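Single-structure report; data block below.
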Amino acid sequence: LSLIGITLAVAVLIVVMSVMNGFRAELITKIVGVNGHLIVTPTERSFEDYDAAAQAIRAVPGVTRAAPLIEGQGFATSARGGVGVMVRGLSQGDLLSLERVSVSPETSIGSLAPFGAENGVAIGAGLARRLGVTVGDTINLISPEGSVTPFGVTPKRRAFEILYVFKMGMSTYDDVLVFMPIDQAQSFFNRVGRADYIEVTTATPDRLDGYAADIETAARRPVLVTSWKESNGVFIGALETEQSVMFLILSLLILIASLIIISGLIMLVKEKGPDIAILRTMGLTRGGVMRVFFMCGATIGVVGATVGVALGVLVALNANDIKVTIEALTGAVLFPSEVYLFSELPSRLDWGDVGFTVLITLTLSFLATLYPAWRAARMDPVEALRYE
């Protein structure tokens, strides 16, 4: 029972930590893959010279991409209904440089070659599914930022052909994003001749300190520089907190399994009392008795940790395949993308976590053997053999 308990505790801890690492890595990869590392927003004078400003920001050391963008909310409709969307206007070259959209999406349909030359847009696969459309179909986009009339603002409505459908595997983006050529977005949202902000990608996304001053100098106006960590700090912080709490909670499983070792060894000491007494009378020292029972309990910890690591690593490396198999057999959706954001179950094995788990397991297992071994060593041979 002790061996099974430690094996399952180690395996569960490794699998859960791998899935948590996978969620964090996938979240960061997909956020950075569709958004810039830094968002440069003017605070006083707008980006009317956005091409020149973007060119100057690209010259900043460490900056690899600077893309002027128009962003606005709208409402997309088709024959099957309508849904709210987030529209981003950018050039064809800037869209092609987005890793998770054009370079390495999970799936894609259509082509971005005519993007900008035609009255067309690129949309997420989730949005295409909800509207019941595909490449070649037409959707209607409605903008609340329409024409001003004596009777108020009239919403602007325009039809766009779908040129490209992409799937990032993250429902937050797949269900709402619409990419539109920047000149059409400027006209659609009444922002002709200017950009809302410039999206900047750097060579060091994990180290963004020091860019703000250089970018403001290059932009030649006061700007607000916001990093992707600040914009998505809630998600990242929540995952890190949950990961730490889950590790502490699941470590209790190893502690419980270690307590089973204590109870098992105490029962073994009771059962082997006469044998211990005979060995003591034959010259076995108290230290020798302690070593015997320490080795007995330590073996359980070592074997349990070894088997648990093998089982945990096997499941962690094949977590998504196991999920797909269970879903196929049961017909149930275990991890709906609407709830967990991702279309697949991410898992990323960290050998540092595996090593730390093994260290905790062996430490608790060794400590659990000390008290039973000490009780065995201090047993009086006369008392043990009194009624034999």
Side-chain angles (χ1 to χ4, degrees), residues 4-5 7-31 33-34 76-86 100-101 104-110 122-137 139 162 164-178 235 238-239 242-243 245-247 249-250 252-253 307-350 353-354:
I4 294 174
T7 298
L8 294 179
V10 170
V12 168
L13 185 55
I14 290 175
V15 172
V16 171
M17 295 303 294
S18 297
V19 172
M20 295 296 296
N21 289 333
F23 264 94
R24 185 178 185 277
E26 282 296 304
L27 181 65
I28 292 175
T29 299
K30 291 181 178 180
I31 286 175
V34 75
T77 64
S78 68
R80 287 187 56 178
V83 63
V85 295
M86 177 62 70
R100 286 290 176 170
V101 175
S104 57
E106 286 191 4
T107 59
S108 64
I109 306 173
I123 68 174
L127 179 59
R129 183 182 66 254
R130 296 168 71 182
L131 294 176
V133 295
T134 187
V135 172
D137 293 339
I139 61 172
I162 299 174
Y164 183 76
V165 177
F166 62 90
K167 181 181 179 182
M168 292 178 50
M170 187 172 179
S171 60
T172 305
Y173 298 121
D174 289 339
D175 291 353
V176 298
L177 270 186
V178 175
F235 286 112
L239 280 178
E242 186 176 2
Q243 187 173 10
V245 173
M246 289 297 294
F247 184 83
I249 293 174
L250 293 176
L252 295 178
L253 295 178
V307 178
V309 166
L311 180 60
V313 169
L314 180 64
V315 174
L317 294 178
N318 300 278
N320 190 67
D321 294 334
I322 294 174
K323 177 190 81 79
V324 172
T325 302
I326 294 175
E327 289 180 341
L329 294 176
T330 62
V333 179
L334 299 181
F335 294 91
S337 59
E338 294 80 5
V339 178
Y340 295 96
L341 300 180
F342 303 124
S343 58
E344 296 182 351
L345 178 62
S347 178
R348 183 176 183 178
L349 186 65
D350 187 337
D353 289 341
V354 174

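Since this is a predicted model, take the numbers as computed values, not measurements.
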So Arg129 and Asp175, side chain to side chain contact (heavy atoms under 4.5 Å, CB included) or not? Walk me through it. CA-CA 9 Å; Arg129 183 182 66 254; Asp175 291 353; 4.1 Å; yes
Considering only heavy atoms from C-beta outward, does the side chain of Val176 approach that of Thr172 to under 4.5 Å? no
CG/Asp174 to CZ/Arg130 distance, rounded to the nearest 0.5 angstrom? 11.0 Å
In short, Ala125 meets Val165 closest at the heavy-atom pair CA-CG1, 3.7 Å
Assess whether side chain to side chain contact (heavy atoms under 4.5 Å, CB included) is satisfied between Val101 and Tyr173, documenting all intermediate values. CA-CA 10 Å; Val101 175; Tyr173 298 121; over 6 Å; no
Separation of Leu250 CG from Met17 CE (nearest 0.5 Å): 8.5 Å
Enter the distance from Thr107:OG1 to Phe166:CZ here, rounded to the nearest 0.5 Å. 10.0 Å
Atom CG in Leu127, atom CD1 in Ile162: separation rounded to 0.5 Å? 7.5 Å
Work out which heavy atom in Gly312 is nearest to a heavy atom in Val15; give both atom names and the distance. O-CG2, 3.6 Å
Evaluate side chain to side chain contact (heavy atoms under 4.5 Å, CB included) for Ile139 paired with Ile123, printing each intermediate quantity in order. CA-CA 10 Å; Ile139 61 172; Ile123 68 174; 4.3 Å; yes
From Leu311 CG over to Leu8 CG, what is the distance, rounded to the nearest 0.5 angstrom? 7.5 Å
Does the pair Asn21 and Gln243 meet the rule for a side chain to side chain contact (heavy atoms under 4.5 Å, CB included), with working shown? CA-CA 8 Å; Asn21 289 333; Gln243 187 173 10; 2.4 Å; yes
For Ser108 against Tyr164, the heavy-atom pair lying closest together: CB-OH, 3.2 Å
Can you tell me if Asn320 uses its side chain to pair, donor with acceptor, with the backbone of Leu345 under 3.5 Å? yes
Note: Gly132 and Asp137 closest approach over all heavy atoms is O-OD2, 4.5 Å
Closest approach of Ser18 to Leu349 (non-hydrogen atoms, all atoms of both residues): OG-CD1, 3.3 Å
Quick check: do Asp353 and Phe247 have side-chain heavy atoms less than 4.5 Å from each other? no
dist Glu26:CD -> Met168:CE (nearest 0.5 Å) comes out at 9.5 Å
Contact summary for Leu131 and Gly81, nearest pair of heavy atoms: CD2-O, 3.8 Å
